[in-house]
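One structure is given below, encoded as structure tokens.
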Number of protein chains: 2
Amino acid sequence: MARSPSKPITEHLAYLLAQANREINRQLDARFRTEGVPVEQWRILKVLSDGKGHSMGELAEAVLLNHPTLTKMVDRMVSDSLVYRVQDSDDRRKVLMFSSERGKALTQRLNSLALSQESHIAESYGNKATAELKRLLESLIEKAN
Amino acid sequence: MARSPSKPITEHLAYLLAQANREINRQLDARFRTEGVPVEQWRILKVLSDGKGHSMGELAEAVLLNHPTLTKMVDRMVSDSLVYRVQDSDDRRKVLMFSSERGKALTQRLNSLALSQESHIAESYGNKATAELKRLLESLIEKAN
DNA sequence: TGCGAATCGTTGAATATTCAATATTTTCCA
DNA sequence: TGGAAAATATTGAATATTCAACGATTCGCA
């Protein structure tokens, strides 16, 4: 008696997500190569671009990084003068992160690279499909939490 | 003159994909914890479950891992007697990977954990939305290549 | 046929990430 | 009020990944 064939991996949602994520990230990274910045740093800079001061915990959550990983990445960004730390005077356990002027300038250049990628995708993939995909992803994320 | 506010990161396709992927993977990893196996090893085992030898190059592509990373992960799996290497006699540069009996047994247990996750998602998220999301992801991946 | 280029997999060093433990500050409540 | 517990961020050690270089084999073609 033969074992019933299991669903191929390419039909699993987890796999499709990993594959799509990998590919889109790869493309974005390629565009960011001119600035020598990994995608995660763009996320950090983007979150900080509201000028408001975000704690490390908030940031870690927002940019999808573990705390220690974020700490070390921020160390590098501080060395590169892209961001800086300020102790939160209301709660001195916290550190508030801010983007420097240099960081803000870089953010704008990265934003435009990212937008150009988005429009490239929308072009070859279709505006409608893109919007629908985003909608479904948002809803999946919401349900998953 | 104020700088025009840029699109929030949560509206970028790249970010939504990263977020969804992270969350789904986290959940899957939690289920696999009982077997102490990372998601990548499940992918490898699954690809090998057709019983036909696969080269390292093929495998790396299929399981979304870089070559050196795969080599080292396979080393571990060989130590655990889950898979084994056979030199390809047709092309002696290649190595063909096979799943052991132990590996096959584990694959089945992992498959059932993965299926249970899929049905859990489909349940809370809806069969239709899930199917549609998969369809859109497949099509995005296709376009991106 | 022979030899330069390409392919395949692995290795070692450099880099990055993760896990567990720590230091500091705040919160809670007995 | 005092002190245990929780929250926040960082550190160091262990682990994993990546990059560049290598060795072996095959391919292309002059």
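Order of the sequence lines sets the chain letters (A, B, ...), proteins ahead of strands, with each chain counted from 1.
For the pair A/N66 CG and C/dA20 C1', the interatomic distance rounds to 13 Å; values are reported in whole Å. Taking atom CG on A/L70 and atom P on D/dT10, their separation rounds to 8 Å, with Å as the unit. Distance B/E40 CD to C/dT17 P: 15 Å, rounded to the nearest Å. Rounded to whole Å, atom P of C/dT10 lies 7 Å from atom CG of B/D75. As rounded to whole Å, 15 Å separates atom P of D/dT15 from atom CD of B/Q41. B/Q87 places its CD atom 11 Å from the C1' atom of C/dC8, with the value rounded to the nearest Å. Look at NE2 on B/H67: it is 15 Å from P on D/dA20, rounded to the nearest Å. Separating the CG atom of B/D90 from the P atom of D/dC27 is a distance of 10 Å, rounded to the nearest angstrom.
At C/dT10, one or more side-chain N or O atoms of B/R85 fall inside 4.0 Å of OP1 or OP2 (strictly under the cut-off). At the phosphate of C/dG9, neither OP1 nor OP2 sits under 4.0 Å from any side-chain N or O atom of B/R92. Not one side-chain nitrogen or oxygen of A/T69 sits closer than 4.0 Å to the OP1 or OP2 atom of C/dT17.
Side-chain atoms of A/R93 and base atoms of C/dT24 include no donor and acceptor less than 3.5 Å apart. Not a single donor-acceptor contact under 3.5 angstrom links the side-chain atoms of A/K72 to the base of C/dT15.
Mapping A/M73 and B/V95 onto DNA chain C via the closest heavy atom, the residue that lands nearer the 5' end is B/V95.
The aromatic rings of B/F98 and B/Y84 sit parallel to each other, their planes meeting at less than 30°, with 60° as the upper class boundary.
Here the side chains of B/L133 and B/Y125 are in contact, with some heavy-atom distance below 4.5 Å.
Cluster membership check: A/V78 shares its hydrophobic cluster with A/L48, using side-chain heavy-atom separations under 4.5 Å among Ile, Leu, Val, Met, Phe, Trp and Tyr.
Put simply, CG on A/L59 and NE2 on A/H67 are 9.5 Å apart, with the number rounded to the nearest 0.5 Å.
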